Amino acid sequence: MRSFLNRPSFSVPGVSMEDDKPLRERYSSEITPEDFGTDLTVAGWLQDVRNLGGIAFLQLRDRGGVLQVTAIKKEMGPEGFRELVELPRESVITVTGTVQENDQAKAGFEVLPSSWELLSRAEVPLPLGVVDKVGADLDTRLDNRFMDIRKPEVAAIFRLRSILTEGLRRSLVDQGFVEVATPKIVSAGAEGGATLFKLDYFGKPAYLAQSPQLYKQHLMATGLDRVFEVAPAFRAEPSDTSRHLAEFTSLDVEQAYVSTSEDVMATVERMTVDGIRYMIEGGQELLDQLIVRLDVPPQPFRRIPYDECIDMLRGDGVDVPEDDEMGTEHEKALGQLVHQRWGEDFYFITDFPTRYKVGTFYAHRHEDRPELTGYFDMGVRGLEIASGGKREHRLDVVTAQMEEGGLRPADFEFYLKAFRYGMPPHGGFGYGIERLLQMLLGLPNIRETVLYPRDRQRLVP
RNA sequence: GCCCCGGUAGUGUAGCGGCCUAUCAUCCAGGCCUGUCGAGCCUGGGACCCGGAUUCAAAUUCCGGCCGGGGCGCCA
């Protein structure tokens with residue numbers, strides 16, 4: 001056995017069995033004209049066999065794509081030929097053979113097998129076809145998610161999600177933010193409203209965190225100054241819609257020494273633009289595969305005060321009842337209106353009225369106009385992607401607003417303590433990565449953006 | 001939590017009181033084919049969510065349950 005470092009396949013993504021023969025030397029996408037005429041080992045799923053009798057074309061799929069293995073009966077013998085071409089679809093095999101240039105093959109070459117090995121036989125029938133000519137319901141796909149993700153167009157969503165998340169992270173790091181991790185098992189709910197998942201913590205009542213809100217603000221009293229976190233958030237809201245999950249990925253940001261919410265919006269805007277640009281540049285092929293055309297959104301994102309949004313809607317003939325907060329219908333109409341009027345998809349709704357933020361005790365209210373807060377939403381074509389703003393950092397005011405919202409300051413002692421010994425003014429936001437991806441890729445349901453979505457009914461897989 | 005809609009072969013569907021021994025496609029099995037690439041052609045296989053009720057007769061109507069889809073509320 002050669003040492004790990006001397007193994008010739010060290011730099012290629014193959015694994016090796018006892019006899020040290022690599023099971024894969026190349027992904028299908030890595031084979032170039034330089035390989036023509038040489039022997040190579042490839043591996044993957046046998047996605048389809050076209051058996052013409054004396055010759056059979058096998059489609060072997062790996063992460064990089066699909067390549068053709070051409071089996072010829074006369075050369076393999078009737079027995080060997082039969083054994084190979086009768087393997088069930090989606091079985092995993094490794095094939096060693098000569099790479100031969102051939103214009104008749106889609107990739108421009110084919111592999112003529114000299115040896116092959118069955119690594120894993122697939123049962124029949126498949127619970128979900130990977131290359132079948134019929135579709136499947138999302139529910140069926142989720143029940144068989146591992147099969148579903150074998151489809152390149154589904155895998156593309158998750159590869160793009162990875163690139164997008166990386167882009168957002170990079171932007172924040174560039175802007176001087178420190179990535180942190182806060183507890184997901186907590187003793188009390190952060191905010192009013194959303195329902196919490198209760199659990200038993202060594203005999204004490206505890207909850208799954210619905211938001212890192214209290215902790216990221218707490219961190220503003222530490223001197224880290226600028227923090228962010230990408231982590232799951234849990235909401236026991238029995239929401240059954242195409243844009244809600246019981247467990248979603250929340251990108252949370254908090255920054256110290258903000259003077260107005262404009263400082264926070266600047267962070268949101270730059271991060272959003274950087275992230276999307278990064279995804280377009282790094283994932284162009286994947287976007288093409290999904291037939292999605294994306295441009296970096298123009299800056300600056302329009303800032304529209306909440307009250308002006310209401311006026312805009314009414315001016316357009318949308319009925320918005322007096323003293324009633326904008327609902328989903330209004331948000332969608334506003335998204336359309338912004339698009340029609342200015343051709344823009346990204347915008348901020350700013351200066352949320354205080355009366356709709358009563359439970360949000362940490363929201364800062366304008367000094368000169370206490371009926372308005374420094375809170376904003378970032379909307380994308382009518383979908384709320386982010387919300388945040390300038391926080392209230394004065395202990396006495398936070399406490400008063402807590403009581404006003406019907407909460408007991410005593411229950412938030414760990415949080416309030418951080419305000420007692422020097423808390424800089426700060427602000428931040430929560431940002432839904434899945435929702436952004438859903439909008440960018442034009443996906444009908446947010447569950448498409450999550451490998452194993454958790455919703456009201458689904459706990460498995 | 002509220003309001004609509006739905007559950008038929010492995011998958012996706014048609015049928016919506018008797019023409020149902022349930023349609024079509026895909027899929028699976030077998031057969032033919034040495035250039036397929038949505039392969040083609042021939043033969044065959046496989047299903048009415050569960051429990052009650054109405055009826056001479058229920059996939060079809062009614063009730064309950066379970067499951068799914070959409071919307072609202074709330075939010076990311």
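So you know, we letter chains A, B, ... as the sequences are listed, proteins then strands, and number each from 1. These numbers were taken from a predicted model, which means no experiment stands behind them. Keep in mind that the numbers below use all heavy atoms, side chains included, and drop hydrogens, waters and symmetry copies.
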Pair pattern of RNA chain B in dot-bracket, where unpaired bases get dots and | marks partners in another strand, Watson-Crick or G-U under 3.5 angstrom: (((((((..(((.....[.....)))((((((.......))))))...(((((..]....))))))))))))....
Would you mind telling me which of B:G31, B:C72, B:G12 lies closest to the side-chain atoms of A:Arg82? B:G31
Quickly work out the A:Asp139 CG to B:G12 C1' distance and round it to whole Å. 14 Å
Euclidean distance for C1', B:C74 against B:G68 (whole angstrom): 23 Å
Are side-chain heavy atoms of A:Gln175 and A:Phe228 found at a separation under 4.5 Å? no
Contacts to RNA chain B from residues 86-106 of chain A, heavy-atom cutoff under 4.0 Å, which residues? A:Arg89, A:Asn102, A:Gln104, A:Ala105, A:Lys106
Integer-rounded Å distance: B:C74 P and A:Leu245 CG: 19 Å
Note: contacts of residues 427-436 of chain A with RNA chain B (heavy atom, under 4.0 Å) are A:Gly432, A:Arg435
Of the listed B:A76, B:G12, B:G69, the closest approach to the A:Val134 side chain comes from B:G12
Is any N or O donor-acceptor pair between the side chain of A:Lys73 and the base of B:U34 shorter than 3.5 Å? no
Which nucleotide, B:G12, B:C72, B:U34, lies nearest any side-chain atom of A:Leu52? B:U34
Nucleotide of B:G71, B:G31, B:C27 approaching A:Ser242 most closely (side-chain heavy atoms): B:G71
Of A:Phe414, A:Phe412, A:Tyr415, A:Tyr362, which is the lone residue that meets ring pair (Phe, Tyr, Trp, His ring centres under 6.0 Å) with A:His218? A:Phe414
OP1, OP2 of B:G69 versus side-chain N and O of A:Asn445: anything below 4.0 Å? no
What class does the angle between the rings of A:Phe348 and A:Phe376 fall in, given that below 30° is parallel, 30 to 60° is tilted and above 60° is perpendicular? perpendicular
Sequence neighbours excluded, which residues qualify as salt bridge (charged side-chain N to carboxylate O under 4.0 Å, His left out) partners of A:Glu262? A:Arg303
Using a cut-off of less than 4.0 Å, is there contact between a side-chain N or O of A:Ser250 and OP1 or OP2 of B:A76? no
Given atom CZ of A:Arg454 and atom C1' of B:C75, what is their separation to the nearest angstrom? 20 Å
Nucleotide nearest A:Ala136 (side chain, heavy atoms from C-beta), chosen from B:U11, B:G31, B:G35: B:U11
Round to the nearest Å and state the distance from A:Asp377 atom CG to B:A76 atom P. 7 Å
At under 4.0 Å, does any side-chain N or O of A:Thr328 touch on OP1 or OP2 of B:G73? yes
Can you list, by residue number, the residues of residues 141-153 of chain A that have a non-hydrogen atom closer than 4.0 angstrom to RNA chain B? none
Which residues satisfy the ring pair (Phe, Tyr, Trp, His ring centres under 6.0 Å) test with A:Phe346, sequence neighbours excluded? A:Phe301
